[in-house]
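All remarks here apply to the structure that follows.
Just so it is clear, the values below take in all heavy atoms, side chains as well, and ignore hydrogens, waters and symmetry mates.
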Amino acid sequence: MSREPTPDLSPVVSDEVKYTTCYMCACRCGIKVHVKDGQIRYIEGNRNHPVNKGVICGKGSSGIMQHYSPARLRKPLKRVGKRGEGEFVEIEWEEALSTATEWLAKIRATDPKKLAFFTGRDQSQSLTGWWAAQFGTPNFAAHGGFCSVNMAAAGLYTIGGSFWEFGEPDWDRSRYLMLFGVAEDHDSNPIKTGLGKMKARGAKVVSINPIRTGYSAVADEWLGIRPGTDGLFVMALIHELMHADQIDLDYLVRYTNAPWLVIDAPGTA
Ligand code: SF4
């Protein structure tokens, strides 16, 4: 009888492995990037990273496509056509920086507050904010201020944690978890492993989402809410909790601005 072949399950595909974090969504899973002949060949999850413990999603492993995308910006672009025509040429950093310095010097010398400085989603907002403060303008913001930071602040104030890089729910002790419109393309590895933990110990997972895919498909209860009515639904829940006297008033007074939202003279506000 011939012996079974022994497949090599972990062939060496690289001559170097770089340790970094994935930036294909906001939770920053730890990854090992295999490089061969100076080219990325393969991305795998890092088992020793606390966020994902080796798990990697399809989006994360295809980060290689983003890295080598022909659409990726590699140098500053200078507009050469009329605004809106989409005509740009690549320039060197030196030219870009001297152009920016020339434009900004006039504003800084006269009224620095006229500069409104907005940056995209990045990991250096403390540096961009510091730069704006040095320039002399209070008018600066970044993507996170409009998107995830409000979610993070609310999560930290209420459940002591939040999603993505801001933390995570208490997967080990929560007995009831409600997911509102959570999309699978953000924070997917930590949520997947967290939901697995909750379901293994019998905790209840409720998903409020117009579609029943992903997390909604594995939830214990799915509420197929009509898009745009989440706020009404939450207000209805709060109404019922107040009606049933199930609100922790001491907590609200101590940790939130809820007391300031109460109108004690109806009709006068
Ligand atoms: S969940 Fe996926 S896309 Fe997001 S950081 Fe982790 S590996 Fe990357």
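Ile238 and Leu232 fall into different hydrophobic clusters, where Ile, Leu, Val, Met, Phe, Trp and Tyr residues are linked whenever their side-chain heavy atoms come under 4.5 Å apart, directly or through other members. Under a hydrophobic-cluster definition in which Ile, Leu, Val, Met, Phe, Trp and Tyr are linked whenever side-chain heavy atoms come within less than 4.5 Å, directly or via other members, Tyr68 and Ile43 are assigned to the same cluster. Cluster membership for Ile247 and Tyr176, using ILVMFWY side-chain heavy atoms within less than 4.5 angstrom, is shared. In this structure, Tyr19 is not a member of the same hydrophobic cluster as Val51, with clusters built from ILVMFWY side-chain heavy atoms closer than 4.5 Å.
Between the OH atom in Tyr23 and the NE2 atom in His67 there is a gap of 15.5 Å [rounded to 0.5 Å]. Between atom OG of residue Ser207 and atom CD of residue Glu221 there is a gap of 10.0 Å, rounded to the nearest 0.5 Å. Here CD of Gln66 is found 9.5 Å from NZ of Lys59. Values are rounded to the nearest 0.5 Å. In this structure, Ile211 CD1 and Ile225 CD1 are separated by 13.5 Å, a value rounded to the nearest 0.5 Å. In this structure, CZ on Arg79 lies 12.0 Å from CG on Leu77, to the nearest 0.5 angstrom. Summarising the geometry, atom CZ belonging to Phe233 is positioned 4.5 Å from atom CE belonging to Met178; distances are rounded to the nearest 0.5 Å.
Nearest heavy atoms, Tyr215 versus Ser188: OH-CA, 3.3 Å. Residue Lys75 comes nearest to Glu92 through the heavy atom pair NZ-OE2, 2.6 Å, listed as atom of the first residue, atom of the second, then distance. Looking at every heavy atom in both residues, Arg212 comes nearest to Ala217 through O-CB, 4.0 Å. Here the closest heavy-atom approach between residue Trp171 and residue Lys197 is recorded as CB-CD, 4.2 Å. Closest non-hydrogen pair, Val234 versus Phe180, comes out as CG2-CE2, 3.8 Å. Closest non-hydrogen pair, Pro5 versus Pro7, comes out as O-CD, 3.3 Å.
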Q: Evaluate the criterion side chain to side chain contact (heavy atoms under 4.5 Å, CB included) for residue pair Cys29 and His49; output intermediate values, then yes/no.
A: CA-CA 7 Å; Cys29 292; His49 196 279; 5.8 Å; no

Q: Could you give me the CA-CA distance, side-chain angles and deciding distance for Glu16 and Lys18, then say whether side chain to side chain contact (heavy atoms under 4.5 Å, CB included) is met?
A: CA-CA 7 Å; Glu16 196 181 358; Lys18 305 267 192 190; 3.1 Å; yes

Q: Kindly determine whether Ile208 and Leu179 satisfy side chain to side chain contact (heavy atoms under 4.5 Å, CB included), including the steps that lead there.
A: CA-CA 6 Å; Ile208 295 102; Leu179 294 166; over 6 Å; no

Q) Could you walk me through whether Cys22 and Arg28 pass the side chain to side chain contact (heavy atoms under 4.5 Å, CB included) check? A) CA-CA 5 Å; Cys22 177; Arg28 319 281 182 267; over 6 Å; no

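Between Glu44 and Ile56 the shortest side-chain heavy-atom distance does not fall below 4.5 Å. Contact of the Phe117 side chain with the Asn139 side chain is not registered, since no non-hydrogen atoms from C-beta on lie closer than 4.5 Å. Side chains of Cys57 and Lys192 form a contact here, defined as non-hydrogen atoms less than 4.5 Å apart. Counting only heavy atoms from C-beta outward, the side chains of Val17 and Val33 never approach each other to under 4.5 Å. Side-chain atoms of Pro138 and Lys113, non-hydrogen and from C-beta on, do get closer than 4.5 Å to each other. Inter-residue side-chain proximity for Leu97 and Thr99 is flagged as unmet; no heavy-atom pair is nearer than 4.5 Å. No side-chain heavy atom of Tyr42 sits under 4.5 Å from any side-chain heavy atom of Ser14. Residues Asn46 and Ile31 form no side-chain contact, since every pair of their non-hydrogen atoms from C-beta on lies 4.5 Å or further apart.
We find that Asp220 and Lys199 are joined by a salt bridge, their nearest charged nitrogen and carboxylate oxygen being less than 4.0 Å apart. Ion pair Arg83/Glu85 not flagged as a salt bridge, since none of the NZ, NE, NH1 or NH2 atoms sits closer than 4.0 Å to an Asp/Glu carboxylate oxygen. The pair Glu95-Lys78 meets the salt-bridge criterion, with a side-chain N (NZ, NE, NH1 or NH2) lying under 4.0 Å from an Asp/Glu carboxylate O.
Of the listed residues (Asp170, Leu195, Ile191), just one forms a side-chain contact (heavy atoms from CB on, under 4.5 Å) with Leu177, and that residue is Leu195. None of Val13, Asp15, Ile40 except one satisfies the side-chain contact (heavy atoms from CB on, under 4.5 Å) rule with His34; the exception is Val13.
Judged by distance alone, with hydrogens and angles left aside, the side-chain atoms of Ser69 form a donor-acceptor pair with the main-chain N or O of Ala71 at under 3.5 Å. A donor-acceptor pair under 3.5 Å links the side-chain atoms of Thr137 to the main chain of Leu115, judged by distance alone. Lys53 places no side-chain N or O within donor-acceptor distance of the main-chain N or O of Arg47, the cut-off being under 3.5 Å. Remark: the backbone N or O of Asn209 is paired with a side-chain donor or acceptor of Trp222 at under 3.5 angstrom.
For an aromatic pair to be called close, the ring centres must be under 6.0 Å apart, and Phe140 with Trp131 fails this.
Other residues, nucleotides and ligands contribute at most 12 non-hydrogen atoms within 6.0 Å of the CG atom of Asp245. Residue-environment remark: CZ (Arg72) exceeds the threshold of 12 foreign heavy atoms within 6.0 Å.
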